[in-house]
Structures are given as structure tokens and as C-alpha cells.
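Working notes for the structure below.
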Amino acid sequence: MHRVATPRWDCLLGSLLHDIFSHLDARDLAVAGASNRHWYRISRTDELWQPLFEEKHDLWDCSKLLITEAYFDEYTYFENQIPTKKTQVVDDFEIELKHVTFSSNGKYFAVCGANALIWLWRTEPEIEFLTEKDLAKSLQWVEADTIEFSPDEAKLLVNGKKTGGRREFSCFSISETGSVRYLCRIMCTPLEYLGCWLDSRYVLSGEFYQFGSPTSLGDSISQLWLCSVPDDIFLNRTGRVCQVLIARHVSPRFRRILQLADEARWEQTTLSHKLLELKTRAEIECEDADKELDSLKKLLDTESECGECYAHHTLKAQPADFECHCECHQPADRLMIYVNGDLCHRLNFKVISQKMINKALNFENYTTEKKAAPENETDSLESIMEQIDQPDYFVELDGSIQGLSLSTDHRMLEFAVRVVVEDTVGEVVGSQLEHRRVDLGKMIVEKKPVAGRPISRVTCSSQRIVISTHRRELLLWARDYGAEPVANLVHEHPITCSAVHPDNSILLACVGMDLHIWESPLRVKSSSPPCG
């Protein structure tokens with residue numbers, strides 16, 4: 001008598017398995033895939049995981065993968081690698097917390113309190129408290145309001161106020177053991193201005209001057225000073241410079257646009273003419289305006305030769321072995337971002353090159369030779385304007401700019417704009433904050449409306465997530481996708497400030513006198529002691 005052979009489960013037809021798996025939820029599908037290699041291969045297909053991903057997260061466009069290369073990996077990324085597990089509440093500060101921030105690579109984070117106290121932690125291999133410093137005793141401060149680490153994570157810059165309301169900032173070194181040592185202090189005259197790092201060696205401070213009466217330069221002028229240099233580098237017209245940030249990268253597209261503007265000045269033509277010339281040379285001509293613009297953008301991205309290269313290689317005959325020493329071949333350039341204007345509605349961008357810094361350090365802007373007196377008022381104005389650095393690019397926005405924040409990878413600029421709200425008949429009924437973003441690679445302001453609810457402001461962002469606060473809630477948004485939040489973290493009291501680790505694994509929230517620490521499930525699992 002022969003026994004009828006039963007089919008093996010690991011040999012079922014792929015189409016049949018796919019049909020069965022399509023009725024499972026995410027958890028059961030993942031468990032089924034662990035049964036054997038055949039089931040694993042079928043269970044990981046994008047056709048099964050894309051609907052689950054779209055159902056789980058209400059995002060604008062899930063037709064393209066923006067983080068990983070498979071929908072299973074995209075699903076598990078948002079499940080395991082964003083900080084949604086509260087692991088600690090540090091509640092022994094006994095004062096209101098003002099600010100919290102991570103260092104550039106996430107090695108440290110620091111917190112400052114209302115009475116000029118600062119605290120320093122290390123994050124690896126686990127979160128560890130290092131030291132506390134009382135600036136009220138050492139510097140006679142009454143308040144410390146923001147902290148910023150240097151790019152090399154070896155120094156700390158703290159902005160604060162002294163008795164009498166004078167604003168200044170101080171720099172400290174961080175040793176390998178975690179001790180903090182005082183280095184220097186710099187005074188600033190505009191109360192709104194906060195010092196910031198240019199790189200790991202220099203910081204920018206600011207001063208503001210109000211004229212007694214309106215002039216051709218405006219009614220005020222701001223100066224940005226390079227720390228340790230006794231003379232100014234940058235001057236700015238039209239109101240106070242505030243919310244200064246320094247991005248570590250200058251995009252090829254932005255650099256190329258500036259180069260074309262330089263070329264246009266040399267050839268006594270316009271930037272529009274140079275762009276038209278570029279399109280003609282590359283034979284870019286499409287009936288679709290969007291496709292034509294995309295082609296032009298790609299061409300600008302590939303052409304990164306600087307204006308000095310153009311001057312040497314195109315306008316002047318050079319020997320074949322000529323070696324170019326242009327600044328565009330140096331990675332030290334920085335992008336200064338700041339806000340000004342009477343209503344703080346202008347967003348400005350200026351490239352700070354190493355050549356510009358060296359010129360200031362060598363005092364090349366200042367000579368002892370006496371210049372001849374200007375022949376007339378126009379010449380006098382031109383001589384003054386020669387000393388004033390205008391932004392390389394600026395954007396006029398439809399409201400006051402608030403809460404400028406760079407992502408941890410320095411590729412995205414997040415901020416809010418307070419805009420006027422009108423009713424159906426055009427009457428002003430109030431104002432609201434709108435979230436805006438600038439992709440610093442594209443140099444385009446993108447309007448990113450927050451779905452479902454208003455926000456107070458975007459507080460921080462990493463390479464993958466954007467954090468915003470709404471009273472007692474921390475809302476986590478997918479930076480690349482947008483739309484609804486991927487997580488909502490609720491606290492008992494209003495949130496003052498938040499910070500996210502560059503790799504998304506830790507999220508910090510200042511809530512009154514407490515520091516709430518959220519970690520990703522993957523980090524929690526990896527830091528847990530092994531069983532047995």
C-alpha cells in the first residue's frame with residue numbers, strides 16, 4: 001500500500017503564498033517570513049509591504065522609496081529607528097530648562113537652565129552625565145539661553161546675559177574625560193544676536209548701530225565680527241542681523257549661480273543672458289517648461305567651475321600646465337544664513353570663503369594710505385558701499401521669520417513664517433505660523449504645510465525626521481515624505497525645547513524642570529543586557 005505524499009509547506013507555489021500573505025497584517029507577515037527561505041523571499045516583496053506601509057503612515061506620496069530600497073525596510077525603519085520609547089526622565093534640575101542641543105556627530109548633548117547653569121552628557125556607549133557648570137558664579141551671568149557645539153565637538157559656545165541685560169557669549173573646551181574649561185568671552189550689542197561658530201577655530205559676534213536720521217544706507221547698520229579679529233568683516237544694510245546660522249556646505253548649484261553672476265559682471269551683461277547662453281550651449285529646449293527647468297538645474301549642478309577658473313581659463317590665455325588654486329577646490333567654504341529687514345521677513349545667504357577670512361586676518365581690508373577725498377556725494381556713497389558686504393542671495397517672504405533651524409546634516413533649513421490670516425471678504429482676522437523649508441542643495445523655498453493641526457514651530461530636524469512642538473506634544477514628521485506625523489509623543493506639561501540625535505536614535509525634550517529622553521526601539525534593544 002502506497003502512502004500519498006503530502007505537499008511540503010516550503011514548496012507551495014509563490015503565487016499561492018502571495019495570495020495568502022496578502023491577507024496578513026505586518027506582524028504576522030514578518031513572522032511567516034521567518035519560517036523558511038522560500039516564505040522569506042515571498043514575504044519581503046514590495047507588492048505585499050507597500051499597502052501596509054501606506055496604511056500605517058498617512059504620507060503624501062508613497063509611490064517612491066525615499067529612505068531605503070524596499071518597502072519592508074521602509075516600514076521597519078519607521079518602526080525601529082525613530083525615537084518613540086521614553087527611557088528616562090531627568091528630574092533633579094530644580095530650575096526651568098531653556099535649551100538642549102546635540103553635538104554635530106551626536107557624541108555629546110548639553111542642557112542650559114534659566115539661572116545660567118549648563119550640564120553636559122555623553123551618549124555613547126550609553127547616556128552618561130559628565131559635568132555641571134555654574135556661569136552665574138564664574139561669569140556673573142543671570143541667564144544662559146542657547147548652546148552650540150563646535151563642528152569638531154571639542155568646544156562649546158554658550159549665549160547668555162549678564163547683570164544689567166548685557167548680552168555676551170562664552171566658549172569652553174571639552175576634554176576627553178568630559179571636563180569643561182573656560183576659554184574666552186565676547187560681548188554683543190544687539191540683544192537678539194546670538195554668537196555662532198564659523199568653524200572649529202572662529203566664532204562670529206555682532207554689533208548694531210542705529211542712525212540718528214534716515215540715510216542712503218538706511219536707518220541702521222549691523223556688523224558681524226570674526227572673534228579675535230579687531231576689525232569688522234561683514235556689514236549689512238537695512239535693519240538688524242539676527243538668527244545667524246553657519247551651514248557647513250555650499251551647494252554646487254548655488255555656487256554656479258554666483259559664478260554666472262560674476263561672469264555677467266565681467267562681460268557687462270545680465271544673469272538672465274548668461275542662463276540663456278547656458279541653455280543654448282547645452283541645447284536645452286523643451287516644450288514642457290518644467291522639464292526644461294529640470295534640465296537647466298542638472299546642468300548647473302554638474303558645472304561647478306568657479307568664477308576665478310572662468311577668468312583664468314576662458315578670459316585669459318594660460319599655459320597648458322597652469323594649475324588652478326581657486327577657492328571652489330577647497331572644502332572650507334561656509335554658507336552664512338541670517339534674517340533681516342524691518343519685519344524680519346528677508347532670508348539672506350552669503351558664502352564665506354577661506355580667502356575672505358584670510359583677507360581679514362591679514363588686515364588686507366585696512367591700509368594706512370590716505371585716499372583722496374571724494375569729488376562728490378555719489379563718489380562718497382560708492383566708497384562707503386565698497387566696504388559693505390551684501391548677501392549673495394536673499395528671499396523676501398510673506399511674514400516674519402521665526403525659529404531658523406539647520407538639520408543635523410546641514411542640508412535642510414527649517415523655519416516658520418508668521419503670516420496674516422484673512423476671512424472670505426479680505427478682512428484680517430489674525431495670524432498663524434506656517435512651516436517653510438529650504439533645501440540648501442537646490443536653494444528653493446518649499447512650503448511644507450503641516451497636515452491636521454497648527455504648530456508652534458519646527459524645533460529641530462535630522463537627516464530623516466523633523467520635530468515640531470504643539471503645546472504638550474512632540475510631533476515627528478518624515479522629512480522626505482511630509483504630510484501626517486509618523487509619531488506623536490505626549491507629555492504632561494508644555495515643551496520648551498527639543499533636540500534630535502543626528503542618526504535619529506535619541507530625542508530630548510525640555511519639559512518645565514525635567515528632561516525627557518526618548519530613544520529608538522533599535523537603540524533600546526541594542527543597549528539592553530543579554531538574557532541569562
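These numbers were taken from a predicted model, which means no experiment stands behind them. All residue numbers in this chain count up from 1 along the given sequence.
Closest non-hydrogen pair, Leu474 versus Ala509, comes out as CD1-CB, 3.7 Å. For Ile174 against Gly178, the heavy-atom pair with the smallest separation is CG2-CA, 4.5 Å. For the residue pair Arg436 and Val419, the shortest heavy atom distance occurs at NH2-CG1, 4.1 Å. For the pair Ile147 and Ala110, the tightest heavy-atom approach, listed with the atom from each and the gap, is CD1-CB, 3.8 Å. The shortest non-hydrogen separation linking Leu335 to Leu440 is CD2-CD2, 4.3 Å. In terms of heavy-atom proximity, Ser103 sits nearest to Pro502 at O-CG, 4.1 Å.
Taking the side chain as every heavy atom from C-beta outward, Asn504 and Tyr77 approach each other to under 4.5 Å. Using a 4.5 Å heavy-atom threshold, the side chains of Phe109 and Leu515 count as touching. Trp141 places a side-chain heavy atom less than 4.5 Å from the side chain of Arg185. At least one side-chain heavy atom of Phe102 sits under 4.5 Å from a side-chain heavy atom of Ile506. Side-chain contact between Asp392 and Phe349 is absent, with no heavy-atom pair separated by less than 4.5 Å. Looking at heavy atoms from C-beta onward, Leu204 lies in side-chain contact with Met336 at the 4.5 angstrom threshold. Within the 4.5 Å cutoff, side-chain heavy atoms of Leu476 are placed close to those of Pro83. When side chains are defined from C-beta on, Phe169 counts as touching Val203, because their heavy atoms get closer than 4.5 Å.
In this structure, the side chain of Asn159 engages the main chain of Gly195 through a donor-acceptor pair within 3.5 Å. With hydrogens and angles disregarded, a donor-acceptor distance shorter than 3.5 Å links the side chain of Arg437 to the backbone of Arg479. The backbone N or O of Glu148 lies less than 3.5 Å from a partner atom in the side chain of Trp197, making a donor-acceptor pair. Listed for the Thr68 side chain is a donor-acceptor partner under 3.5 Å among the backbone atoms of Glu74.
Ser138 meets the side chain to side chain contact (heavy atoms under 4.5 Å, CB included) test with Leu135; sequence neighbours excluded. Trp518 meets the ring pair (Phe, Tyr, Trp, His ring centres under 6.0 Å) test with His491; sequence neighbours excluded. Take Phe129 and apply the side chain to side chain contact (heavy atoms under 4.5 Å, CB included) test, not counting sequence neighbours, and it matches Trp119, Trp121, Glu132. Shown here are the side chain to side chain contact (heavy atoms under 4.5 Å, CB included) partners of Asn105, two or more places apart in sequence or in another chain: Glu153. For His99, there are no ring pair (Phe, Tyr, Trp, His ring centres under 6.0 Å) partners at least two apart in sequence or on another chain.
Within a 6.0 Å sphere centred on CD of Glu128, heavy atoms belonging to other residues, nucleotides or ligands number more than 12. Atom CD of Glu396 is surrounded by more than 12 heavy atoms from other residues, nucleotides or ligands within 6.0 Å.
Going from atom CD1 of Ile127 over to atom CD1 of Ile517 covers 4.5 Å, rounded to the nearest 0.5 Å. Rounding to the nearest 0.5 angstrom, the gap separating the CZ atom in Arg334 from the CD1 atom in Ile246 is 9.0 Å. Rounded to the nearest 0.5 Å, atoms OG (Ser461) and CG (Leu406) are 8.0 Å apart. To the nearest 0.5 Å, atom CG of residue Leu507 and atom CD of residue Glu519 are 10.5 Å apart. Atom CD1 of Ile401 and atom SG of Cys344 lie 8.0 Å apart (nearest 0.5 Å). We find the CD1-SG distance between Ile186 and Cys171 to be 4.5 Å, quoted to the nearest 0.5 Å.
Residues Glu414 and Ser405 bring no donor and acceptor atom of their side chains to less than 3.5 Å of each other.
Ion pair Asp145/Arg167 flagged as a salt bridge, since at least one NZ, NE, NH1 or NH2 atom sits closer than 4.0 Å to an Asp/Glu carboxylate oxygen. With salt bridges taken as basic N to acidic carboxylate O contacts below 4.0 Å, one links Arg464 and Asp480. Using a 4.0 Å cut-off between a side-chain N of Lys or Arg and a carboxylate O of Asp or Glu, Glu124 and Arg122 do not qualify as a salt bridge.
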Legend entry - Thr408/Ser462 under side-chain contact (heavy atoms from CB on, under 4.5 Å): CA gap, chis, key distance, verdict: CA-CA 5 Å; Thr408 54; Ser462 67; 3.6 Å; yes
Legend entry - Chi angles and distances behind the side-chain contact (heavy atoms from CB on, under 4.5 Å) call for Val111, Leu508: CA-CA 10 Å; Val111 181; Leu508 307 172; 5.7 Å; no
Legend entry - Leu347 and Phe415: CA distance, side-chain angles, deciding distance, side-chain contact (heavy atoms from CB on, under 4.5 Å) verdict: CA-CA 10 Å; Leu347 185 61; Phe415 58 96; 3.9 Å; yes
Inset, instruction - With side-chain contact (heavy atoms from CB on, under 4.5 Å) as the test, would you mind laying out the steps for Trp477 and His435 before giving the verdict? - result: CA-CA 12 Å; Trp477 314 82; His435 176 202; over 6 Å; no
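Ring-plane geometry between Tyr108 and Phe149 is classed as parallel, the angle between the planes falling under 30 degrees on a 0 to 90 degree scale with a further cut at 60.
Evaluation of the salt bridge (Lys or Arg N to Asp or Glu O under 4.0 Å) test over residues 98-109, restricted to residues two or more places apart or in two chains, returns Lys98-Glu143, Lys107-Glu176.
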